[in-house]
Colleague: 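Supplied in structure tokens, the structure appears directly below.
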Number of protein chains: 2
Amino acid sequence: MSIARAGVAGSKPRIQVTRTGVSTARLPAASVRLPLNEILVGDCVAELGKLPAASVDLVFADPPYNLQLEGALSRPDQSVVDAVDDDWDKFASFSEYDRFTRDWLTAVRRVMKPEATIFVIGSYHNIFRVGTILQDMGFWILNDIVWRKANPMPNFRGRRFTNAHETMIWAGRSAQTKAYTFNYETLKAGNNDCQVRSDWFLPICTGAERLKDAQGRKTHPTQKPEALLARIIMSASKPGDVVLDPFFGSGTTGAVAKKLGRDFIGTERDAVYAKAARARIAATEPLPDDAVNAPPAKRSEPRVAFASVVEAGFISAGETLVDDKRRFKAVVRADGSLLMSGIVASIHKAGALAQGLPACNGWVFWNVERNGKLVSIDDMRGTIRAQMKEAAE
Amino acid sequence: MSIARAGVAGSKPRIQVTRTGVSTARLPAASVRLPLNEILVGDCVAELGKLPAASVDLVFADPPYNLQLEGALSRPDQSVVDAVDDDWDKFASFSEYDRFTRDWLTAVRRVMKPEATIFVIGSYHNIFRVGTILQDMGFWILNDIVWRKANPMPNFRGRRFTNAHETMIWAGRSAQTKAYTFNYETLKAGNNDCQVRSDWFLPICTGAERLKDAQGRKTHPTQKPEALLARIIMSASKPGDVVLDPFFGSGTTGAVAKKLGRDFIGTERDAVYAKAARARIAATEPLPDDAVNAPPAKRSEPRVAFASVVEAGFISAGETLVDDKRRFKAVVRADGSLLMSGIVASIHKAGALAQGLPACNGWVFWNVERNGKLVSIDDMRGTIRAQMKEAAE
DNA sequence: AGCTGACATGAATCCAGGG
DNA sequence: TCCCTGGATTCATGTCAGC
């Protein structure tokens, strides 16, 4: 409250980028200076305790997920998955994880301005505990947001659904947080004049964006994509705002904040991560004022499962599909697979099997009879595609 | 355990639909009869207490979440600024919801078979508390699944992202629940031969599917779409399984279970909902067997020893096996083991050894030459399996 | 330069059954 | 209960070598 920073309160905030990625100065608790655009190396609870209260506008937190992995996992080609087995992700019990969570959330909450909001990201291993503690502490949940990964790791053993998303909780500091920043109009304008939904479709961080060490190994096991942070910062902050990331890691939050004309504060326990993040941010240039926009999400024809054609009611389970010349037929099962001569297969496999060919496009091969005429299932796919496109990716 | 039902154990389960939606009989605790395809009117904890333990295969639960939290959420907080007092206030009402959740989950858990799984659906208002309690009680989360709504209600005030999804948690009864049902192969076949992800795109329940009363008002405020339940039941149960829904509501679970050849048990406090659900289910017809039943998945096929391939005369002892590219060879011994470079090993071990890999499926690795062409030993296994099936019938 | 195919890899609670 | 073994199992994307 009392920690006003020159140039922030006004309607035209000025962007301050002070010695980005250079200082690790520890501040006495009484100081009023905010260590902007710096990475404080140390435990976030301790480091945040040195900052003045009510001084940040937005928080992004990517805490350890407590994955509880046991043993190794191999791909079908026998290669071994490089799992997250770092010490920082190990907790003795759920209650220890809960205590850890409550501690850092308490420290973070103190430095949040009354109208600040926080995003916390997690997976099913930890996000339910984070959400419960947020509620218990009096944070006010505004949305839960799903990051749908364009290219998730598959489930190699076929025992579960592909774990293809992570969850973010967006919450206000309290139920009284009403005047939080939400750039509704600009978000809508950038989304075909359509409100942005709570499910976001984005690729994971790979390629040139992924930080590597001298040996070519990934610097950080869980580096988040810049596009994700860009959406968050664009949605819930203004230029000149201060964005805090208590688990700074490889520095995605800092790099994107700098690009988008926001200030950042980071805390990070691991000096190696902090050093890499500083170098990354130093090499990052702010975008020109008028070019502040999220990178466009890739778009292609959405893939439609034949199961959706059944689910949408175009075809009922138990109906029969036939080819153009009605030489072959197959029964539609409730799960969208086909039953043909005692074999369950996809529309593609069944079409190939029927013709004795190695492959077949089931969408154009199969038809269903309607009023004595054949209707292609491909037409039904077209209708569903249109619907999916509306639910913008 | 002891609640065997005629017609379920065999390989061709027969669908029993006993007096669907007619009886509300209360069962004494000592009874062993399971009230299949009935709706028990009353509180789920009380009603489930009358059922024998370990008697259901799958649970779908759509618990209430708005009313319990309403009091806490709408309470104006003008009293104290001190965060600790805030917390106490909130904790009181959240803890009431937590107790409710723990109670019904305890009752449900008792009637779950050891290898049963449970789906719970909720929104950000309650799902984090449900998830935390599931974990604390020892349930083992398999996936969190996002239902992406094709047609969600927009956010009218433009202060948040469109709340376009709900979250389901899929969990095993305990961490020891390993042999749960997951119909991986047929699901994949219905999805373009691609494994199904944790985000499902489905329309909300509208139109003719939505139950209406005589005045045309919707019977139930949160009726779930049948397509959602169909996916759940097709994914995680077999024909003839017993599906429990402790918050039966408008009866979507029962209607879909009947369609898909599963039995159901429902509990519902509201007699009006129960009556509407009974009528709905009575008007529902089961799908033909072809649309529902599947041949056994690959991993549940009976094991065949390579020795029996030799014994059956498909291969003679002393013959040579080779891989696809004829780079490796091994001699078949009379006992079904292989001799390769002076080492005796199983077909799997020999294949792994040859390639320098930790493991190998010898059935698909090795071939034998017949008339100048390679024949896979896996084909011989298929023939033997077919013979085994004939003999079993 | 541009195409093709082999190879690498990502927050993962990833097997079942017999001795 | 632990240990051992049979044998079932992957999608999207990026890099790089080879032509």
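None of the values given here were measured: they were computed from a predicted structure. Here is how names work: the chains are called A, B, and so on, in the same order as the sequence lines, proteins then strands, and each is numbered from 1.
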Colleague: For C:dC15, does either OP1 or OP2 sit under 4.0 Å from a side-chain N or O belonging to A:R157?
Modeller: yes
Colleague: What integer distance in Å separates A:R159:CZ from D:dG7:P?
Modeller: 18 Å
Colleague: Can a side chain N or O of A:K218 be found less than 4.0 Å away from OP1 or OP2 on C:dG10?
Modeller: yes
Colleague: Reckon B:E185 touches a base, only the sugar-phosphate, or nothing at all at heavy-atom distances under 4.0 Å?
Modeller: sugar-phosphate
Colleague: Using whole Å, report how far CG of B:D144 lies from C1' of C:dA12.
Modeller: 13 Å
Colleague: Mark yes or no for whether A:D144, through its side chain, and A:T167, through its backbone, hold a donor-acceptor pair below 3.5 Å.
Modeller: no
Colleague: For the NZ atom on A:K224, are there more than 12 heavy atoms of other groups (residues, nucleotides or ligands in this structure) within a distance under 6.0 Å?
Modeller: yes
Colleague: In whole angstrom, what separates B:R299's CZ from C:dC14's P?
Modeller: 14 Å
Colleague: What is the nucleic acid contact for A:S123, judged by heavy atoms within less than 4.0 Å: base, sugar-phosphate only, or nothing?
Modeller: nothing
Colleague: What does B:K188 touch in the nucleic acid at a heavy-atom separation under 4.0 angstrom: a base, only the sugar-phosphate, or nothing?
Modeller: sugar-phosphate
Colleague: Provide, to the nearest angstrom, the distance between the CG atom belonging to B:N361 and the P atom belonging to C:dA16.
Modeller: 17 Å
Colleague: Could you identify which residues of residues 83-96 of chain A place a heavy atom less than 4.0 Å from some atom of DNA chain C, listed by residue number, or say none?
Modeller: A:A83, A:V84, A:W88, A:D89
Colleague: I want to check one thing: is the phosphate of C:dC14, taken as OP1 and OP2, less than 4.0 Å away from some side-chain N or O of B:Y180?
Modeller: no
Colleague: So what does B:A175 touch, heavy atoms closer than 4.0 Å: a base, only the sugar-phosphate, or nothing?
Modeller: nothing
Colleague: Can you tell me if the side-chain N/O atoms of A:N155 get under 4.0 Å from OP1 or OP2 in D:dT9?
Modeller: no
Colleague: Would you confirm whether the ring centroid of A:H125 sits within less than 6.0 angstrom of the ring centroid of A:Y65?
Modeller: no
Colleague: In terms of the nearest nucleotide of DNA chain D, which residue is placed more toward the 5' end: B:D193 or B:F306?
Modeller: B:F306
Colleague: Please work out if B:C194 contacts a base, only the sugar-phosphate, or nothing of the nucleic acid, heavy-atom cut-off 4.0 Å.
Modeller: sugar-phosphate
Colleague: At under 4.0 Å, does any side-chain N or O of A:K149 touch on OP1 or OP2 of D:dT13?
Modeller: no
Colleague: Applying a 4.0 Å non-hydrogen cut-off, can you work out what B:L142 is touching in the nucleic acid: base, sugar-phosphate, or nothing?
Modeller: nothing
Colleague: So, do B:Y180 and B:W140 have ring centers that fall under 6.0 Å from each other?
Modeller: no
Colleague: Check the distance between D:dA8's P and A:Q78's CD and give it to me in whole angstrom.
Modeller: 13 Å
Colleague: Under 3.5 Å, which N/O atoms of the protein pair with N/O atoms of nucleotides 3-6 of chain D?
Modeller:
residue	atom	partner	partner atom	Å
D:dG6	OP2	B:S346	OG	3.4

Colleague: Which part of the nucleic acid does A:P63 contact within heavy-atom distance under 4.0 Å: base, sugar-phosphate only, or nothing?
Modeller: base
Colleague: Between A:E209 (side chain only) and A:E226 (backbone N and O only), is there a donor and an acceptor less than 3.5 Å apart?
Modeller: yes
Colleague: Can you tell me how far P of C:dA12 sits from CZ of A:F161, to the nearest Å?
Modeller: 19 Å
Colleague: Check every strand shown and say whether B:R381 touches a base, only sugar-phosphate, or nothing at a heavy-atom separation below 4.0 Å.
Modeller: sugar-phosphate
Colleague: Please answer whether C:dT13 and A:Y124 are stacked, defined here as ring centres separated by less than 5.5 Å and planes angled under 30°.
Modeller: no
Colleague: Among the candidates C:dA12, C:dT13, C:dA11, find the nucleotide nearest to the side-chain atoms of A:K224.
Modeller: C:dA11
Colleague: At 4.0 Å (heavy atoms only), tell me whether A:G71 reaches a base, stays on the sugar-phosphate, or touches nothing.
Modeller: base
Colleague: Fill in the dot-bracket string of DNA chain C, one character per base: . for unpaired, | for a pair to another strand, ( ) or [ ] for pairs within the strand, taking Watson-Crick or G-U pairs under 3.5 Å.
Modeller: .|||||||||....|||||
Colleague: By the 4.0 Å heavy-atom rule, please label B:N192 as base, sugar-phosphate, or nothing.
Modeller: nothing
